[in-house]
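Scroll down for the structure; my scribbles are underneath it.
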Amino acid sequence: MHQPRPDLAPDGSLSRAEMESLQREIASVATFEDDLSFDPAVLSNPLEAAASGDEQPVVVGVDQSFLTNEDGEQDRALSAVVATRGGEVIERVHAVTDLEIPYIPGLLSFREGRPILAALEELSVEPDLFLFDGSGRIHFRQAGIATHIGVVRNVPSVGVAKSLLCGTPRENTDDLLEGTTIGIEANSRVDAPDGTLLGYAVQTRQYDSPNRYINPLYVSPGHRVGPETAADIALALSSSYKLPEPVRLADKYADEAKGEIDT
DNA sequence: GCGACAG
DNA sequence: ATCTTGTCGC
């Protein structure tokens, strides 16, 4: 149905107004409902899936680290990509590009998009799903980094953020039980009707008894994934750690690869 | 003017 | 994101 849209790739040389305009276009082209090439249930029940003959999808985690200049200033971004299938790592690639703009809330894809697309170019396997470290639809213009890259590559994607950019939780998100999800809806700061379901606060991990708590993740549709499925995917892919495995591995790889670079 | 603000 | 020791708890 949809096609890749390289013409909508993030460009750090655009003006702020042009960036925001491009994001509105990305949001209008994005699909915030399930349109996957596989049944997401296979991620939760790998054994049953295998017995039924269902193949595991290639789930790709993406994360960035930054390289500093001789003067101690961040001048390059390193994007790490880890492809997994059935819980196993099948490929890892990374790319480094110069940074064009500083970090600006709401314009993250224009800072990290280039290195991400460059790294994805190095991937030889065909991705069935992308998991990004950042928001998808939980974004001022409903076009976070997961949505932007998902649309450009036309690959189903999910945004996994460690903190909330915008939107309002429908209930308290303090000390939730593991497995709990709380809807995040649009508020006045979001370019969508108030109350629109943007994603979910997802408690992938939680301590048992002590007086210490883990904060939830904020999961939202990037492209071709609905909010419930996005949350289900985050839960299914999280095992021993708070972050879904593909993203956690990409995070670790981003640091390792960074350490193997000279200047 | 004031507050909010992914990585 | 990044800079970093100690410290709490299982």
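By convention in this document, chain letters (A, B, ...) are assigned in the order of the sequence lines, proteins followed by strands, and residues within each chain are numbered from 1.
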Quiz item: Between A/L78 (CG) and C/dT2 (C1'), how many Å, whole number?
Solution: 14 Å
Quiz item: Taking only residues two or more places apart in sequence or in another chain, which ones pass ring-ring contact (aromatic ring centres under 6.0 Å, His included) with A/F38?
Solution: none
Quiz prompt | Sugar-phosphate only, base, or nothing, as touched by A/S163 at under 4.0 Å among non-hydrogen atoms | solution = sugar-phosphate
Practice problem: Using a heavy-atom cut-off of under 4.0 Å over every strand shown, decide if A/I138 touches base, sugar-phosphate, or nothing. | Solution: nothing
Self-check item: Base versus backbone protein contacts along nucleotides 5-10 of chain C [heavy-atom cut-off under 4.0 Å; B, S, -]
Solution: ---BSS
Quiz item: Just one of A/I116, A/L117, A/L120 clears the side chain to side chain contact (heavy atoms under 4.5 Å, CB included) bar with A/V152, so which one?
Solution: A/L117
Self-check item: A/T168 and A/E185 side chains, donor-acceptor separation under 3.5 Å
Solution: no
Exercise. Would you confirm whether A/H148, through its side chain, and A/L8, through its main-chain N or O, come within 3.5 Å as a donor-acceptor pair?
Key: yes
Practice problem: Using atom CD of A/E112 as one end and atom C1' of C/dA1 as the other, report the distance to the nearest whole Å. | Solution: 8 Å
Quiz item: Between A/Q206 and A/I214, is there a donor-acceptor pair closer than 3.5 Å when you use the side chain of the first and the backbone of the second?
Solution: yes
Practice problem: Would you classify A/L107 as touching base, sugar-phosphate or nothing, given that sugar-phosphate means primed atoms plus P, OP1 and OP2, and contacts are heavy atoms under 4.0 Å? | Solution: base
Quiz item: Measuring from A/L107:CG to A/I101:CD1, what's the distance to the nearest 0.5 Å?
Solution: 6.0 Å
Quiz item: Want to know the stems of DNA chain B: at least 3 consecutive Watson-Crick or G-U pairs with distances under 3.5 Å, which are they?
Solution: none
Quiz item: With sugar-phosphate meaning primed atoms plus P, OP1 and OP2, does A/S65 contact a base, only sugar-phosphate, or nothing at under 4.0 Å between heavy atoms?
Solution: sugar-phosphate
Quiz prompt | Check ion pair A/R248-A/E245 (N to O, under 4.0 angstrom) | solution = yes
Quiz prompt | Span of DNA chain B in contact with chain A (heavy atoms, under 4.0 Å) | solution = B/dA4 to B/dG7
Practice problem: Would you mind classifying the nucleic acid contact of A/Y103 as base, sugar-phosphate or nothing, using non-hydrogen atoms under 4.0 angstrom? | Solution: base
Quiz item: Does A/K258 have a side-chain nitrogen or oxygen under 4.0 Å from the phosphate oxygens OP1 or OP2 of C/dA1?
Solution: no
Exercise. Name the nucleic acid region contacted by A/G159, choosing base, sugar-phosphate or nothing; use a 4.0 angstrom heavy-atom cut-off, strictly under.
Key: nothing
Self-check item: Worked check of side chain to side chain contact (heavy atoms under 4.5 Å, CB included) between A/L177 and A/Q203
Solution: CA-CA 7 Å; A/L177 267 52; A/Q203 198 71 48; over 6 Å; no
Quiz item: Short question: side chain of A/S65, backbone of A/D255 - any donor-acceptor pair under 3.5 Å?
Solution: no
Quiz item: Would you write out the dot-bracket form of DNA chain C, 5' to 3', with Watson-Crick and G-U pairs under 3.5 Å, [ ] for crossing pairs, | for pairs to other strands and . for unpaired bases?
Solution: ..........
Quiz item: How many angstroms lie between OG in A/S21 and CZ in A/R16, if you round to the nearest 0.5 Å?
Solution: 14.0 Å
Exercise. Taking all heavy atoms of A/T147 and all of A/G136, pick out the closest pair and write down the distance.
Key: OG1-C, 3.2 Å
Exercise. Sorted by first residue and then second, give each ring pair (Phe, Tyr, Trp, His ring centres under 6.0 Å) pair with at least one member in residues 193-238 of chain A; sequence neighbours left out.
Key: A/H2-A/H223
Quiz item: Hey, is the main chain of A/N154 close enough, under 3.5 Å, to the side chain of A/R224 for a donor-acceptor pair?
Solution: yes
